[in-house]
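Have a look at the structure below before the remarks.
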Amino acid sequence: MNFRFQNLLGAPYRGGNAVISNNTLLISPIGNRVSITDLLKSQTTTLPFQSSSNISRIAVSPDGTFLLAVDDRNRCQFVNLRRRVVLHRITFKHPVAAVKFSPDASLIAVAAGKLVQIWRSPGFRRDYFGFELVRTFADFDAKVTAFDWSPDSNYLLVGSKDLTARILYLKKVSGGVNYRPFSLLGHRDSVIGSFFGVDAKTNRVCKAYTVTRDGYVFSWGFTADNEGFSVIDEDEGSEPASPGTPMRDVEGNLESGGDVEVKKRKKLENGDEGLVREDEYLCRGKWEMLRKDCFTQAPAKATACDYHRGLDMIVVGFSSGVFGLYQMPEFVCIHLLSISREKITTALFNELGNWLTFGCAKLGQLLVWEWRSESYILKQQGHYFDVNCVAYSPDSQLLATGADDNKVKVWTVSSGFCFVTFSEHTNSVTALHFMASNNCLLSASLDGTVRAWDLIRYRNFKTFTTPSSRQFVSLAADQSGEVICAGTSDSFEVFVWSMRTGRLLDVLSAHEGPVHGLTFSPTNAILASSSWDKTVRLWDVFNGKGAVETLTHTHDVLTVVYRPDGRQLACSTLDGQINFWDPIDGVLMYTIEGARDIAGGRLMTDRRSAANSTQGKYFTTLCYSADGSYILAGGSSRYICIYDVSDQVLLRRFQITHNLSIDGVLDFLNSKNMTDAGPLELIDDDNSDIEDGLDKQTRGKIGLDLPGALPNRGRPVIQTKGLRIAPTGRSFVAATTEGVLVYSVDDSFIFDPTDLDIDVTPEAVDEALSENQPSRALILSLRLNEDSYIKKCILAVSPPDIPAVATSIPNKYLQRLIEALADLLENCPHLEFILRWSQELCKAHGNSIQQNSRNLLPSLKSLQKSITRIHQDLADTCSSNEYMLQYLCSSAAKK
């Protein structure tokens, strides 16, 4: 039961800013989680921690060690990226519009409302509260929108909604002079991007660029002036005191305002201004506007931009889905292309400047584009609406998802990437099923069709329809793949087609309610169907006898599923029960009362408390484990429950999210947020949907795009629509409001010895290896059940000794040994060695494996999955090498 969260599929990006670390790691927020995509290995992983609401701003340290994630509720997490753990937490008092590490990674700049706060980076220090506020700048009259650090970490160029950009100096100017931040004026709209430009030879700031929301870029030049500072006279009024904190210099020394004034006056009176420090060069000089250029994309607004200092290039994304790449300072347009019709919400360069990254929050789209060769490095797009159904391929390598956006997507589980999208359906996809051949996928939809997809040629090769249009909500196929069945929600019938000819063979009509559950027995041709008419019916499809058995319930039956050996049937009912039936004798075996376990939270619009509400206290999806010993259950709540079937006890309960941006996560709502007009979060104020003339692109607005208004203004409600366990039994997926959550078995932190004795120790294993007794060492490691020692002993066996050692392994350790071989095959370069082990194990223990096939099936499928993946990789490499050799031989013969 040691499942742990592994990955989040179905939505590569949902808003906020993306960042790139170490030139090839793309880090992007997904709801209240953070995803990391390795652009070289084409692999994506999701960090295990969660924020309390949707993450809006992230920043990564220059060396890629630390990550800062700020959510919509201004709560910030400081994360060690390499260990993937949260080190510190802090809550800011104002909405955070931007956050960025300094180039030397010692400071963090935070744009909190109208303030710019400079915090000392906690690093690895073990402090109770690691953050230290160094300085606060209150020079702005409106919300701060963007800033950029100078290369020496002493200056900030800050843009704001007050139509200005200011250059802030973090230290105190020598000579006691009170430095006034230089203002760059002349903008007619909010500044969305401000960037320092540097001299390539000296690496000093010599220019600056500011980008405004109305589509203009301003170029500013700096002229050094050694004569004087920009000084505030005493009678003109001094700089306003930093709110909430005493003045600090960057070294952390407290400064008293009164003493500073005295020192300043003394120094000015004596004329002793002292030597000017090297890092004060921007304080002594003048800034002037060199040119003002227009992107000519009106009426579209500029929404995202980035600047690369080495290439002196600017990339700008617009609200129309167009992006432009410009060479500065001449303002030469290199590329001007459209990637969608929706607003681009993030745009950035990688460190080398050869890749451009774009994100569109509304479409869930994330692109990485190589602008020189004009080719895609990454192109991923999630489902526009919630995922309805999921299906694992028989070898556990592929995962198919169907959603309300009429699309079917197929993902590679190991990499987390979607490699094909089918969009032929014209209505919501409600059910999916992989055929046993692994190359064919079936999908049912509300558009009245069942389609068969070819996963080799990526095409729809067959479509099953009915004489009159129906809405299909369930789907099943027999083990041979000859018969396809689909249940309807409007005519209450089950349609049966021939897979080979596509003809409609039969219509099973005995139900009196929508047929939402449909499954074939794994061992024979009996079809089980569940309906809202409070019955489960068993059909003999091939003999055409109609309903063989009817299992009657007291409440509506929501779903039905067979145990993998076909000797048990489980179904969930509207009163929160899971009933287990013997399908052969038609006898009720067990009942699990799960209403209290699945009880969800309170919605914003609920009149009753969560304890008194009857809504959502039932399971809508069930799935047996690979060996049939336990069952997973999910429904319209934030929990996924795992029950032991034989003992009818709750083994574990997973909470799929802690995201407070989603309805139904809290059991008790804060009464302070309730008004006479309803909850505060559901009241539409002037700026909630439209911000400065632009539609906000958030998940909350997605529901409003559907026909008819939702009662909670499109606020998503937490629920689990589909559950599937991989045939290997090593992982399961859940289709939830947050996306497709992947949980996998984690053996790394579990000590679970199978046959421990006083003599079974790691030292005994090492001693047996040193005495050249590989068989004894392997058996000791299997009894110890320590993964690293098992693999060490396997690799210590010489190839000629493999048959003898394999024969000496007791049958009860076979499952653990096969799991270790499957894991080694994934990560070990000794391919032939591991395959030889697998072959000798099958030769020596073939009879035992066959007799105990039910218990060994998950581990055998894991081994098969590893072998299949290696075979596919080698087949591609060998064919490529074969063609290359043929070409070289033919070209050599011509010469």
Side-chain angles (χ1 to χ4, degrees), residues 9-10 12 42-43 365 367 375-383 387-403 405-445 447-465 472 475-486 497-504 724 726-727 733 740 864-865 867-884 886:
L9 308 179
S42 296
Q43 192 170 4
Q365 191 176 41
L367 304 175
S375 59
Y376 284 110
I377 306 299
L378 170 74
K379 187 178 183 181
Q380 291 288 297
Q381 182 174 342
H383 285 290
V387 177
N388 286 330
C389 48
V390 289
Y392 261 114
S393 63
D395 62 358
S396 303
Q397 299 215 41
L398 305 179
L399 183 72
T401 58
D405 60 0
N406 314 342
K407 292 180 181 177
V408 176
K409 289 178 178 287
V410 186
W411 310 75
T412 306
V413 178
S414 57
S415 68
F417 273 31
C418 171
F419 65 90
V420 63
T421 301
F422 301 114
S423 54
E424 277 80 353
H425 281 297
T426 57
N427 209 329
S428 299
V429 180
T430 53
L432 292 170
H433 182 80
F434 262 102
M435 302 296 283
S437 64
N438 207 54
N439 297 324
C440 176
L441 173 67
L442 299 174
S443 63
S445 170
D447 62 5
T449 63
V450 174
R451 296 179 183 268
W453 310 95
D454 185 350
L455 294 182
I456 297 178
R457 299 175 181 85
Y458 302 142
R459 64 188 181 93
N460 175 210
F461 69 90
K462 197 162 286 186
T463 303
F464 306 94
T465 58
F472 295 118
L475 180 65
D478 73 324
Q479 292 297 307
S480 64
E482 295 182 1
V483 171
I484 310 297
C485 300
W497 295 274
S498 168
M499 180 67 184
R500 188 172 301 171
T501 64
R503 290 179 55 244
L504 181 63
R724 286 293 180 272
V733 294
V740 180
Q864 180 194 12
K865 171 187 171 184
I867 294 174
T868 305
R869 191 186 66 80
I870 294 288
H871 177 268
Q872 290 173 351
D873 294 344
L874 283 178
D876 295 339
T877 306
C878 291
S879 61
S880 174
N881 292 344
E882 181 185 357
Y883 298 141
M884 179 62 72
Q886 289 177 2

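Bear in mind that the values here come from a model prediction, so they are computed numbers and not experimental data.
- Judged by distance alone, the side chain of Gln864 and the main-chain N or O of Asp395 form no donor-acceptor pair under 3.5 Å.
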Using the side chain to side chain contact (heavy atoms under 4.5 Å, CB included) rule, take Gln380 and Cys418 through it: C-alpha gap first, then chi angles, then the decisive distance, then the call. CA-CA 7 Å; Gln380 291 288 297; Cys418 171; 3.7 Å; yes
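- What you find for His383 and Lys407 is that their closest heavy atoms are CE1-O, 3.6 Å.
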Could you walk me through whether Tyr458 and Val410 pass the side chain to side chain contact (heavy atoms under 4.5 Å, CB included) test, one step at a time? CA-CA 10 Å; Tyr458 302 142; Val410 186; over 6 Å; no
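- The CD atom of Gln872 sits 5.5 Å away from the CD atom of Gln397 when rounded to the nearest 0.5 Å.
- Across all non-hydrogen atoms, the minimal contact from Ile484 to Leu475 is CG2-CD1, 4.0 Å.
- The side-chain hydrogen bond (donor to acceptor under 3.5 Å, both in side chains) search around Asn406 returns none, not counting sequence neighbours.
- Tested against Ser443, the residues Val450, Thr430, Val408 include a single side-chain contact (heavy atoms from CB on, under 4.5 Å) partner, Val408.
- Side-chain polar atoms of Asn439 and Ser437 form no donor-acceptor pair below 3.5 angstrom.
- Leu442 and Ala477 make their closest contact through CD1-CB, 4.1 Å (heavy atoms, listed as atom of the first residue, atom of the second, distance).
- For the pair Cys389 and Ala431, the tightest heavy-atom approach, listed with the atom from each and the gap, is SG-N, 3.6 Å.
- Nearest heavy atoms, Ala400 versus Phe434: CB-CE1, 3.7 Å.
- Applying the ring pair (Phe, Tyr, Trp, His ring centres under 6.0 Å) rule to Phe422 yields the partners Trp453; only residues at least two apart in sequence or on another chain are considered.
- Using a distance-only test at 3.5 Å, with no hydrogens or angles considered, a donor-acceptor pair links the side chain of Lys409 to the main chain of Gln381.
- Residues Val483 and Asp478 approach most closely at N-OD1, 3.1 Å, considering heavy atoms.
- Between the side chain of Asn460 and the backbone N or O of Lys462 there is at least one donor-acceptor pair closer than 3.5 Å.
- Taken from OG in Ser42 to CD1 in Ile377, the straight-line distance is 9.0 Å, to the nearest 0.5 Å.
- Listed by chain and residue number, nothing satisfies the salt bridge (charged side-chain N to carboxylate O under 4.0 Å, His left out) test with Asp876 (two or more places apart in sequence, or in another chain).
- To the nearest 0.5 Å, atoms CG (Leu9) and OG (Ser415) are separated by 8.5 Å.
- Residues passing the ring pair (Phe, Tyr, Trp, His ring centres under 6.0 Å) test with Trp497, sequence neighbours excluded: Phe464, Phe472.
- Checking side-chain atoms of Ser445 against main-chain N and O of Ser428 turns up a donor-acceptor pair under 3.5 Å.
- For the atom pair CG of Leu874 and CD1 of Ile867, the computed distance is 12.0 Å after rounding to the nearest 0.5 Å.
- Residues forming a salt bridge (charged side-chain N to carboxylate O under 4.0 Å, His left out) with Arg869 (at least two apart in sequence, or on another chain): Glu826, Asp873.
- More than 12 non-hydrogen atoms from other residues, nucleotides or ligands lie less than 6.0 angstrom from CZ of Phe461.
- Applying the side-chain hydrogen bond (donor to acceptor under 3.5 Å, both in side chains) criterion to Ser375, with sequence neighbours excluded, gives Ser373.
- Atom CD of Glu882 sits about 8.5 Å away from atom SG of Cys878, to the nearest 0.5 Å.
- Atom OG1 of Thr401 sits about 6.0 Å away from atom CH2 of Trp411, to the nearest 0.5 Å.
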